Structure formats: structure tokens, C-alpha cells
Amino acid sequence: MHRHFKLYKPYGYLSQFITNQQKAKKKKMLGELYDFPKETMSIGRLDEDSEGLLLLSTDGKMSFAVLSTSVEKEYYVQVDGLITDEAIEALQLGVEIGIQGKKYTTQPCKARKIERPTLPERAKKIRDERHGPTSWVSITITEGKYRQVKKMTAAVGFPTLRLVRYRVDQMTIENMQAGEVEEVTETLNAHFPEVAQAHKQ
């Protein structure tokens, strides 16, 4: 039987279990957070300095299906400055970012201003408010280019200070603490019906 997990990935951890890179030997890995089965793999990734919901599974086919389907991923983003309505609209319509040295226009997405969300304190403190105001925005995308959300906010003039993935489809980190792991006792099919259908094909 395959096993599935959801994790609140803390700041400072790589979204992997092992690395062959000499310089990364002292990096923090997911295996330090829980006694995962040997075959466990992360479904997608979060950057070392990003936090939030990371799904894991021993089922490679399910992992592939989730990644290859247009599943919504919602991020709570703290940005430098008080984000404007114009910037929000630009995010919604799509902005030009760089991907592997080439220009890329992001797909239309959902973006809105939000009040400061209730989240665990980050392991590394965000810069002091005395250096200027900050604000929060919710950004929901279905694509997943490298550092996409950070590049999007920078493109509209509001660099990302903190990035937390709050939701993947209907699954969230609500009431979870950083580093906490929950085993999903029912199959991921129950949470991703459209993925389950693709999984059967």
C-alpha cells in the first residue's frame, strides 16, 4: 500500500532527502523532520527559503499525475512595500519574467490583497518594519516555473520577503506548525478527483 503525507516545510530546508552536491552536505533535508518510508518523494518542491505545504508520496505515478495536471496552488506572499491595486491587476493579467534566460509571460492568475495571515513565526526573522512597510497578497497559480511567484512580485515592483504555500487544490496547512507532518490516511485520490481520473487512464 502506498503512503501519502502532507508537510509544513519550514524555512531553511531543501525539498529533498539526499543530495550529491558537496556544498549541500550540511543542508537540512526532509528526512530530518519525520520517519518517512524509504520510497517517499516530494510532489513538486519549495525553495530552501520558502515555506508551507509540501505533499509527499511513495506513489510515483500519483506524483507525476499531480504535477502534470493544472492543480491550483495558493501562496501567501509578504512583499516589500504596500502593494497597489495596479500591481494586483498586473499580476492577475500576467507579467513578463525571465526563465532560463528567456522572456516568459505568466498565465492569468488569481491575486488579491489580504490581511496579515496567522502563520507560525519564520525561523529567520523578516527584516525589521522600521526599514519600511510591508503587505500581504494571495497569489493562486496553476503553473509552476522556477521561482515564479517571487519573480512575479518583483516584476510589479514589490519584491517578496516571505513566501508560504498555503494550499494545493483543497488541501491546506490550516492549523499546522512549521515542520509538522500529517499522514494522509485516505488516498490522495480523494483530495484530487481530477488527478485520480487522469491516474486511471
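Nothing here was measured: the structure is a model prediction, and the numbers come from that model.
Without hydrogens or angle criteria, D169 side chain to M171 main chain gives no donor-acceptor distance under 3.5 Å. In terms of modelled atom types and a separation under 3.5 Å, the side chain of E143 and the main chain of Q107 share a donor-acceptor contact. Remark: side-chain polar atoms of K6 are not paired, donor with acceptor, to backbone N or O of I173 under 3.5 angstrom. The backbone N or O of D47 sits less than 3.5 Å from a side-chain atom of K9, completing a donor-acceptor pair. A donor-acceptor pair under 3.5 Å is formed between the side chain of R165 and the backbone N or O of L53.
Residues I141 and T106 fail the side-chain proximity criterion, which asks for heavy atoms closer than 4.5 Å. At a threshold of 4.5 Å between non-hydrogen side-chain atoms, the residues D85 and K113 count as touching. The shortest side-chain heavy-atom distance between S135 and V79 falls under the 4.5 Å cut-off. Contact annotation: the side chain of M62 never approaches that of H2 to less than 4.5 Å [non-hydrogen atoms, C-beta and beyond]. Side-chain atoms of K150 and D49, non-hydrogen and from C-beta on, do get closer than 4.5 Å to each other. Taking 4.5 Å as the limit, some side-chain heavy atom of L56 sits within range of a side-chain heavy atom of F17.
The two residues I43 and S57 make their nearest non-hydrogen contact at CD1-CB, 4.0 Å.
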> T142 and E72: side-chain contact (heavy atoms from CB on, under 4.5 Å), yes or no, with the steps?
Replying inline: CA-CA 5 Å; T142 54; E72 283 193 344; 4.0 Å; yes

>> Under the criterion side-chain contact (heavy atoms from CB on, under 4.5 Å), I'd like the reasoning laid out for I83 against L91: C-alpha separation, chi angles, the key distance, then a yes or no.
In response: CA-CA 11 Å; I83 195 162; L91 292 170; 4.3 Å; yes

>> Working note: Y8 + E51, criterion side-chain contact (heavy atoms from CB on, under 4.5 Å); need CA distance, chi angles, decisive distance, verdict.
In response: CA-CA 7 Å; Y8 188 132; E51 312 158 64; 3.9 Å; yes

>> Between L119 and R162, is the side-chain contact (heavy atoms from CB on, under 4.5 Å) condition met? List the steps.
In response: CA-CA 11 Å; L119 295 168; R162 185 180 183 186; 4.1 Å; yes

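Atom CD of residue Q16 and atom CD of residue E48 lie 9.5 Å apart, to the nearest 0.5 angstrom. From D80, atom CG reaches atom CD1 of I126 across 10.5 Å, with rounding to the nearest 0.5 Å. Taking CE from M1 and OG1 from T58, the interatomic distance works out to 9.5 Å, rounded to the nearest 0.5 Å.
There is no path of hydrophobic side-chain contacts, each under 4.5 Å, that joins W136 to L82. Hydrophobic clustering of Ile, Leu, Val, Met, Phe, Trp and Tyr side chains at less than 4.5 Å, counting indirect connections, unites I114 with V164. Taking hydrophobic clusters as Ile, Leu, Val, Met, Phe, Trp and Tyr residues chained together by side-chain heavy-atom distances below 4.5 Å, Y146 does not share a cluster with I139.
Between the side chains of S138 and E74, at least one donor N or O lies within less than 3.5 Å of an accepting N or O. Side chain to side chain, Q78 and T134 meet the donor-acceptor criterion of an N or O pair below 3.5 Å.
Sparse packing is recorded around NZ of K110, with 12 or fewer heavy atoms of other residues, nucleotides or ligands lying under 6.0 Å away.
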Just list the side-chain donor-acceptor pairs under 3.5 Å for residues 30-42, sequence neighbours left out, or say none.
residue : atom : partner : partner atom : Å
E32     : OE2  : M29     : N            : 3.1
T40     : OG1  : P37     : O            : 2.8
S42     : OG   : S15     : O            : 3.2
S42     : OG   : G44     : O            : 3.0

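Residue pairs meeting the ring pair (Phe, Tyr, Trp, His ring centres under 6.0 Å) criterion with at least one member in residues 157-179, sequence neighbours excluded, are Y76-Y166.
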